[in-house]
Amino acid sequence: MLQQRIKKELEVIKSKGLYRQVRDLAFIDNCHARDRSGKEYLVLSSNNYLGLTDHPDIKKAAQEALAYGSGSTGSRLTTGGVFAASSLERELAEFKHTEDALIFNTGYMTNLGVIFGLARPGDIIFSDELNHASIIDGCRISQAQVVVYKHSDMTDLAQKLEAWRDHSGEKFIVSDGVFSMDGDIATLPELVRLKQQYGALLLIDDAHAVGVLGADGAGTASYYHLQGQVDLQVGTLSKSLASEGGYVAGPRLILDYLRNKSRPFIFSTALTPVDLAMAQAALRLLRHKGAELLRHLQANTALARELLSAAHLPVLPSATPIIPLLVGDATSSSRLAECLYERGIILSAIRPPTVAPGESRLRLTVTAGLSAAELTQAMETLIAVWQEQASLSGK
Ligand SMILES: *Cc1c(COP(=O)(O)O)cnc(C)c1O
């Protein structure tokens, strides 16, 4: 019965051009990888914004951390409470200008752990319609009432907050800082104003914002000079920070509560000493040598956008290294990604259910490790493939 059902579903997925497959790769450096046949690719779809994954300081930190063994052997509240975790939490809190920080095993688990840990039935969560899946899932399992507002539409959010003004439960406003599929930035000043006006708690997910936004790379609050105005800032250690894991930064009272109540924190084995040491080394690089890295990232972002716009490709506007090219239908998006793959460029075709039907796109991410020459060449290939496909489909 189940076998029949899932076979049928997979056939439907395939017929719509939505079938997904894992492709094995081995990275050669921070932006080049090789497949099993040995063919080399330029990777333009990673979250490795600062290009730190092959940095010698991080590799050295990993080797040194192996002195403490491979696994953490338990949850933080048992034997996994290693020095490295608490010291990284202190550095994250300093970096984010908050009282405290709390590490989870992934960014995904952080959103589950924070939202499920704090919101409960009777509360209301106001959530942007384009928020990351981990926020949506955290809202679901919390069983709080979820009110979805139109993407970054502050008039819609204000109306919804007004409609629920007299509700007795706690109110939460939850938003990505940089939206992962469109690359646009949340309108934080308005979110802060509304959370103050309606007495809501504001959670911003900075997974794509740390190492990208703000003069210090500290994320959305820093970009808008609103440090201290966001109640909870979620982040990941797996994107710009080149390791694995997630964290929330915020007031000590709330984080102490989560240490006592948050199930993903309590019931999962802590990150390994190596994961933690790599993230700490990356954070130190960002804090001490960040200006240079951020400059590279911004220059590469501007270069890619300029070249694509000059060739009249439909680049969605944003100021971040996430550059979406709107295609429309899922099959054409997959075909474009496939042609580029053949030519040695990896970027992703983003299709439903990740985006709405008819909004399939190529999503390219620029990183700091790319040289201007190589990026220019890759953009020329992308433009050529795009034009080829457009003329084939008679557009
Ligand atoms: C990637 C991402 C996450 C999940 O982080 P992981 O560490 O990869 O689990 C959460 N939120 C947003 C907005 C993300 O882009």
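Atoms within a ligand are numbered from 1 in the order they appear, just like the ligands themselves. Side chains are part of it too, since the values below use all heavy atoms of this structure and drop only hydrogens, waters and symmetry mates.
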Short N-O contact, Arg335 and Glu338, less than 4.0 angstrom: no

Salt bridge or not for Glu162 and Arg165, using N-O below 4.0 Å? yes

Is there a heavy atom of [X] sitting under 4.0 angstrom from any atom of ligand 1?
| X | result |
| --- | --- |
| Lys239 | yes |
| Gly245 | yes |
| Gly246 | no |

Which ligand 1 atoms does [X] reach within 4.0 Å, using its non-hydrogen atoms?
| X | value |
| --- | --- |
| Thr236 | 5 (O), 6 (P), 7 (O) |
| Asp176 | 13 (C) |
| Ser134 | 10 (C), 11 (N) |
| Tyr108 | 4 (C), 5 (O), 6 (P), 9 (O) |
| Ala207 | 2 (C), 11 (N), 12 (C), 13 (C), 14 (C), 15 (O) |

Thr78 side chain to Gly74 main-chain N or O, any donor-acceptor pair under 3.5 Å? no

Do side-chain atoms of Asp176 reach the backbone of Asp205 as a donor and acceptor pair under 3.5 angstrom? no

Please work out whether the ring planes of Tyr41 and Tyr341 are parallel, tilted or perpendicular, with thresholds of 30° and 60°. parallel

Give a yes-or-no answer on whether the side chains of Thr354 and Arg361 include a donor-acceptor pair shorter than 3.5 Å. no

Is there a donor-acceptor contact under 3.5 Å linking the side chains of Asp216 and Ser222? yes

Backbone or side chain, does any N or O of Gly107 fall under 3.5 Å from an N or O of ligand 1? yes

Just distances here: any N/O of Ser238 and N/O of ligand 1 closer than 3.5 Å? yes

Checking a contact table here: which protein heavy atom is nearest atom 13 (C) of ligand 1, and how many Å away? Asp205 OD2, 3.2 Å

Give the contacting part of Met109 toward ligand 1: side chain, backbone, both or neither, where contact means a heavy-atom distance below 4.0 Å. neither

Minimum heavy-atom distance between Lys160 and Val148, given as atom pair plus value: NZ-O, 3.2 Å

